[in-house]
Every structure is written in C-alpha cells, then in structure tokens.
**Q** 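Handing you a structure now.
Just so it is clear: chains get the letters A, B, ... in the order the sequence lines come, proteins before strands, and each one is counted from 1. Just so you know, these numbers come straight off a predicted model, no measurement behind them.
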Amino acid sequence: MADNSGFVVAAYAVTAICLAGYWRFLRRREKNFRQRSPRR
Amino acid sequence: MTYARRAWIVLWKDAVTERRAKATLNALLFFSLLLLFVFQFTLGADRERLVAALPGLLWLSFVLTGLVGLGRAFLVERENDCWDGLLLAPGDKSAIYLGKVAGNLILMLIVEVILLALFTVFFNVDIGRALPALALILPLGTIGFAAVGTLFAAMTAHVRAREVLFPVLLLPVQVPVLLGAVKATEAALAGESLGAVTPWLQLLVAGDVIYLVAGLLTFDAILES
Amino acid sequence: MSRALGTLALVGLAMGLVLGFLVAPRELTQGNVQRIMYVHVPAILVAYLAFGVVLIASIVYLVRRVDAADRIAHASAEVGLLYTGINIATGAIWGKPTWGTWWTWDARLTSVSIMFLMYLGYLLLREMVEDRERSARFAAVVGIIAALNMPLVHFSVYWWRTLHQPPSILRPGASALPRVFWMVVLVNVVAFALLYAYFVMKRTRVLAYEAEALA
C-alpha cells in the first residue's frame with residue numbers, strides 16, 4: 001500500500017498556512033490601528 | 001385594521017399594479033420561454049437525456065425565473081418612493097411581509113404552471129398521471145423560495161450590488177427546498193407511489209414552515225430604516 | 001487574557017501533532033493518510049460551534065441591539081468559515097489517495113460546501129452594506145437563517161446521497177474506530193476551540209477599534 005506521506009504533509013501544511021494566515025491578518029490589523037492612534 | 005387585512009391590502013395593491021402594468025409577468029414568461037429554447041439548444045440533441053433531466057430543468061427554470069422576478073420584488077416601492085410609506089405603516093410590519101410573499105408566490109405559480117405546460121408541449125412529455133402530485137409539489141416548493149426570497153429581496157434592495165448579492169445569498173439557502181422539489185417531481189413524473197414522494201414533501205413542508213416563521217419574525221428588523 | 005488563550009491553543013495544537021504522529025498507530029486500511037482526520041474532523045466540529053455562536057449572537061443582537069454581539073457574530077463567522085475551508089481542503093487531500101478523486105458530491109461534502117457558501121455570502125453582505133447599523137441588522141437575519149437552514153441541508157443532502165462514511169459522531173450506534181483515534185481528535189478539538197476563542201477575542205477587539213475610529 002502506498003505511503004501517501006506527501007498527502008499527509010500537504011494537509012497539515014494547508015491547515016498551518018490557513019491558521020497562520022489568519023493570525024497574521026489579525027496582527028496586521030491590530031498594528032495598523034495602534035500606529036494610527038497610539039492608545040493602549 | 002387587522003393583521004390579515006393589512007397583508008391582504010399589500011397583496012391586492014401588488015396584484016392591481018401588476019395587472020395594470022403587466023410588465024413583470026410578461027417579462028418573466030418571456031424569460032422562461034427563452035430558457036426553454038436554451039435548454040433545447042444546449043441539451044436537446046438526445047431527447048432521452050432531456051426527458052430524464054426534466055425535473056431538474058423544470059426547477060432550474062423556476063429558480064432562474066424566480067431570481068429575476070423576486071429580485072425586483074421591492075423595486076416598485078423603491079422607484080416610486082413608497083418605501084417610506086411602508087416603513088411608516090403602523091403596527092406589525094410582518095403583515096407586509098406576508099402580503100409580499102403571497103404576491104410573489106402567486107406570480108411564480110402562474111409562471112410555473114405556464115412553463116410546465118410549455119415543457120410538456122415542446123418536449124412532448126405526458127404528465128397527466130402526475131398532475132395531482134405536481135399540484136401539491138409546485139406550491140410547496142415555491143413557498144419556500146418566495147419566503148426567503150422576499151426577505152432577502154427586501155434586504156438587498158438597498159445594496160449597490162443587488163443583482164449579485166441576491167442570488168449569492170438566496171441560492172445556497174434554497175438547496176434543501178430545491179433538492180426536495182426536484183426529487184419529489186422526479187418521483188411524481190416516474191409514476192412512483194405517494195410513499196416515495198412523502199419524505200421529500202415532509203422536507204418541503206418543514207422548510208416552508210421554518211422559512212415563513214423566520215421571515216415573519218425578522219422582517220421588522222429589515223424594514224427599520 | 002487573550003495571550004494566555006493563544007499560548008494554550010498553541011500548546012494544544014502541538015500536543016495534537018505529537019499524539020497524531022507519534023502516539024497514534026498507523027491505521028490498517030488507509031495507512032498514514034488517516035492521520036489527516038486528526039485535523040479534518042476537529043476543524044468542522046469547531047466550525048459548527050462557531051456558527052452556533054453566530055446564531056446566538058445574531059439573535060441577541062436583533063433583540064437587544066448590543067454592538068458587542070454584532071462583533072462576536074462577525075468574528076465567529078470569519079473563523080467558522082476559515083475552519084470550514086480547512087475541513088474542505090483537508091477532506092479533498094484525504095480523498096484523493098483514499099477514494100481516487102479530489103471531489104465527490106456525496107452527502108457530507110455537499111452539505112459542508114453549502115454551509116461554506118452560505119457564510120461566505122454572510123460576510124459578503126457585511127462588506128457590501130455600507131451603513132454599519134443596517135449591515136449588522138441584515139447580517140443578523142442572514143446568520144439566523146443560515147443556521148436554521150443547516151439541519152434542512154443536512155437531511156436533504158443525506159437523503160439524496162450516501163457515499164461518505166456514516167457520520168460517526170452525529171449518529172447513534174457503535175463507533176467503528178479505535179479509542180486512541182478519538183483521544184487525539186478530542187485533544188485537537190480542544191486545541192482548535194481554544195484557538196477559535198483566541199481568534200474571536202482578537203478579531204472583536206480589532207472590530208471595536210475600527211468602529212471607534214469611524215465614530
């Protein structure tokens with residue numbers, strides 16, 4: 001039976017990229033705001 | 001003024017406007033006739049295949065026509081500055097919703113019946129045996145469409161990209177009703193027993209009830225502004 | 001608070017990774033590919049949770065007009081959509097070696113895709129309605145209808161097709177999978193849920209800032 005490890009790696013990579021991507025989106029928005037009005 | 005009377009007045013107003021102008025009904029009938037031709041050209045080489053796909057094509061036509069028709073459901077009010085009149089109407093605004101849904105339902109049913117007749121003529125299909133079942137399936141399937149469609153039409157009437165947003169919102173929500181209607185129609189046209197059709201009919205009824213109740217409860221919130 | 005949540009989530013995810021690869025045994029019939037389930041299943045479960053939160057927040061907003069409820073609904077829908085996307089993508093990647101095809105119109109896949117499209121429309125609506133208060137109201141209505149629609153979608157599509165494995169969680173009966181599988185899935189569900197909470201907290205904060213800036 002084929003190992004198919006490539007698929008496993010791909011799946012976990014896609015998951016990681018999506019989650020990291022959203023995290024970076026949040027970070028960017030938060031930084032953007034902090035720059036414009038330094039408050040907290 | 002009672003709730004029912006208010007709903008009736010909205011329905012009556014739309015019916016009279018439509019009868020005088022005849023714009024929407026005629027346009028929808030023409031549009032659905034064109035769809036029929038398009039289906040014939042794109043799928044018609046093999047008659048067997050077309051007849052097999054008939055339930056799907058039928059409901060596809062109903063949905064596409066409905067999208068065009070419902071998308072304009074509140075356009076009349078918008079164009080003639082009657083929107084504020086709607087907003088200022090006293091009492092429960094859901095009566096307006098009911099009237100609108102009834103009006104849209106009737107409009108769609110008229111188009112559907114005529115389209116069904118045209119389908120049988122153009123594609124030479126015999127639906128005689130299935131008529132009683134279809135008489136039940138068509139309204140049940142259309143009520144769900146009209147209920148959510150009217151709600152979303154009221155919402156998107158304000159939006160710039162109305163033509164895009166309305167189908168985008170409505171179609172995914174419509175899938176269960178569409179599935180149920182197509183499957184039920186398939187069973188009916190194949191001459192299957194009522195037993196085969198019943199689970200789908202139950203799904204349709206459940207959907208219709210859920211959508212109507214949701215619409216009645218939330219329409220007020222949409223009209224506020 | 002949110003930093004603690006975030007760290008906890010990361011710890012959870014790391015644990016899930018370790019468990020999924022080092023502790024859980026290689027599955028007999030599917031081989032290594034089965035390990036994809038350890039992210040595929042938690043993603044959709046937490047997505048359901050997220051959309052449930054959207055439903056509640058939408059109702060709260062319509063009844064009480066609390067801005068925080070609107071922000072929570074917005075954030076929760078975004079994360080829910082993200083997780084649903086992950087579920088669909090990992091499902092397709094799992095499907096190719098297992099079923100031989102990237103896509104099939106079976107009950108579960110179809111159902112989840114419809115859910116994806118509904119909430120994508122939800123976010124699109126929010127984008128396109130300019131007035132903030134109206135956008136919140138309309139989104140709340142769509143959020144409620146989308147959630148109410150899910151059982152209908154589930155049943156209609158399930159009756160229409162059944163190729164997928166019978167839903168092992170949402171259906172009564174004995175589970176065909178070994179206990180260790182469920183343990184890893186559980187760990188990842190908790191991790192994904194913590195991450196969801198973290199994301200929602202940060203997102204609502206960003207939304208609040210943006211609202212203040214425009215006020």
**Q** Report the option among A/T15, A/V14, A/I17 that has the most heavy-atom pairs separated by less than 4.5 Å from atoms of chain C.
**A** A/T15
**Q** Is the closest side-chain heavy-atom distance between C/L195 and C/F199 below 4.5 Å?
**A** yes
**Q** Does any heavy atom of chain A fall under 4.5 Å from the side chain of C/Y196, the backbone, both, or neither of them?
**A** neither
**Q** Could you check whether C/Y209 and A/E30, counting side-chain N and O atoms only, form a donor-acceptor pair closer than 3.5 Å?
**A** no
**Q** Using heavy-atom distances under 4.5 Å, tell me whether C/I36 contacts chain A through its side chain, its backbone, both, or neither.
**A** both
**Q** What part of A/Y12 is in contact with chain C, defined as an atom under 4.5 angstrom from a non-hydrogen atom: side chain, backbone, both or neither?
**A** side chain
**Q** Out of C/V39, C/V187, C/V79, C/L45, which residue meets the side chain to side chain contact (heavy atoms under 4.5 Å, CB included) rule with C/F192?
**A** C/V39
**Q** For C/N149, check side chain to side chain donor-acceptor pair (under 3.5 Å) against everything at least two apart and list the hits.
**A** B/Y211
